[in-house]
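We number each residue from 1, following the sequence as shown. Just so you know, ligand 1 is whichever comes first in the structure, and atom 1 is the first atom listed for that ligand.
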Amino acid sequence: DGFPADRLFGRGYSYTYDDVIFLPHYIDFPADAVDLSTQLSRNIRLSVPCVASPMDTVTEASMAVSMAALGGVGIVHYNNTSAEQATIIRSVKSRRIPFVTDPVIMGPSDRILTADEFGSAPCVLVTESGSAKSKPVGVVWSADWWNRTDRDAPLSSYMVGLAASAPSSYDLEQVAASLGLNGGKCVPTVSEELGEVVDLVTEADVERIRALPKLGVPSFGSDGRFLVGAAMGTREQDKERLEHLVRAGANVVILDSSQGNSIYQIEMIKYVKSTYPDLDVIGGNVVTAYQAQNLIQAGADGLRVGMGSGSICTTQEVCAVGRGQATAVYKVSSIAQHSGVPVIADGGISNSGHIVKALVLGASTVMMGSFLAGSTEAPGVYEYRDGRKVKKYRGMGSLEAMTKGSDARYLGDTLKLKIAQGVVGAVADKGSVLKFIPYTMQAVKQGFQDLGASSLPSAHSLLRNQVLRLEVRTGAAQVEGGVHGLVSYEKKAF
Ligand code: XMP
């Protein structure tokens, strides 16, 4: 019944995730028994197969910290100077709690004249000199500030004194225990290495995190700190960037290109492996066995798969090159598995079913842009459009992003004329990844259970051995597989 994968994907069609559907198999274990642990690259293990894409509206410190805390990983974008990218990596490395607070910091002689100065923070942290680099001495709560009549008084005259701070290497429970030293309401965390205040953790933060579904086993690098990756290019100056990234503590680098099978990338893979033998380097993007073989031969420790499948991509329209993502993941994984090189299915993920399809078709992880954009942890600020709360999400090949410097990914640096291969858009507010990723992973486990696959290796071997079968969905079958025939409905998954 149904088709084995090699027959279905050998018919000359480019299939997307939505085009194909798995036939259910046999269940003999509970969904909670499914183990989603996996390899990001040859030497890096994750407990959760999720990777945040190196895009400037997706992954900076906040996303990378939360993804590592969940058991996945974030890859910091490089649409910035190498010093800025290294600062983001250091910021991830300096934390152990699963979020970034970005405290508002002022000095004892400063004044808070308008409520705007609090931003969205519940309080202002007062340090000796007013900078993150000096000792925390007190806090001013916005609720107290609103009750004051002498708002032009210096903060020192009415701040609540702070007795203690906690090392930023403390985990959430250690930080929670330190709250008591300051009367239970908040505690600053301080990094000895950076010599500065890192976060200001409040009692409300601790309660919010404790109320979340249980996170996976956090991802740590061999340095014992949160695992974090960084994207880079293949130009000569990227060698200098690489040095910055390594010094800052990046655990893995991804060579970021929309067509990775190039002499530039092959030479850079060789350079990275010969200069930093202990650093994993992920190559891509690729969508064919031929491309994959070249990068594997050059020494890539992982492959990123996808061309034009991203929600903001226009590469297939502009360049007439690419591949349906289900076909690309299956074809590349079939080759990469022989060499023990893990595959990242990059782009085109818009629901948990797409994640199940990517992982069962051979990927070891999924990389997501739009799925994570619009979350609390994505860079940027929320705005309202047509009454909806949204955050900006843009392609790194959009004119707007390239103007800021990301044109190397699209090899635009050699040309005077910039051609966009992506768009600028916005996505709806999704709340925190710390909440929706655990729910999404539970849904993925249920998909694996329906297929009788208790782990990623088990799914891959069931597919290879033709036990798992697929079919192509007709247009009508796709409509039937989605919600249909209702006048209205509310789509709420958890
Ligand atoms: P999703 O579907 O998760 O896709 O939003 C994210 C992936 O899309 C790729 N990307 C681009 N591709 N033009 C493209 O053709 C672009 O401007 C662009 N920006 C990002 C990238 O692989 C990312 O992970």
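- By the 4.5 Å heavy-atom criterion applied to side chains, T288 and K331 are not counted as neighbours.
- Under 4.0 angstrom from ligand 1, the non-hydrogen atoms of D346 all belong to its side chain.
- Distances between N or O atoms of Y393 and those of ligand 1 include at least one value under 3.5 Å.
- Of the possible donor and acceptor atoms, one in the side chain of D199 sits under 3.5 Å from a partner among the backbone N and O of T101.
- For the side-chain contact (heavy atoms from CB on, under 4.5 Å) test with M307, the passing option among N285, T315, D346, V286 is T315; the others fail.
- Among G369, C313, G397, S350, the residue whose heavy atom sits closest to atom 11 (C) of ligand 1 is C313.
- Close to ligand 1: G348, with a non-hydrogen atom less than 4.0 angstrom away.
- Contacts with ligand 1 closer than 4.0 Å are made by side-chain heavy atoms of R304 only, the backbone lying farther away.
- Contact annotation: for F371 versus ligand 1, there are no heavy atoms closer than 4.0 Å.
- At a heavy-atom distance under 4.0 Å, no atom of M307 approaches ligand 1.
- Counted by atom type alone, E60 and H77 present one or more donor-acceptor pairs between their side chains at under 3.5 Å.
- Heavy atoms only, all atoms of each residue included: A289 and I335 are closest at CB-CG1, 3.4 Å.
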Run the salt bridge (charged side-chain N to carboxylate O under 4.0 Å, His left out) check on K391 and D429 step by step: do they pass?
CA-CA 7 Å; K391 245 187 210 186; D429 173 22; over 6 Å; no
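- Seen from the ring of Y17, K357 does not count as a face-on cation partner, given the 6.0 Å and 45° thresholds.
- Within the 4.0 Å heavy-atom cutoff, S398 counts among the residues contacting ligand 1.
- The distance criterion of under 3.5 Å between nitrogen or oxygen atoms is met by S53 with respect to ligand 1.
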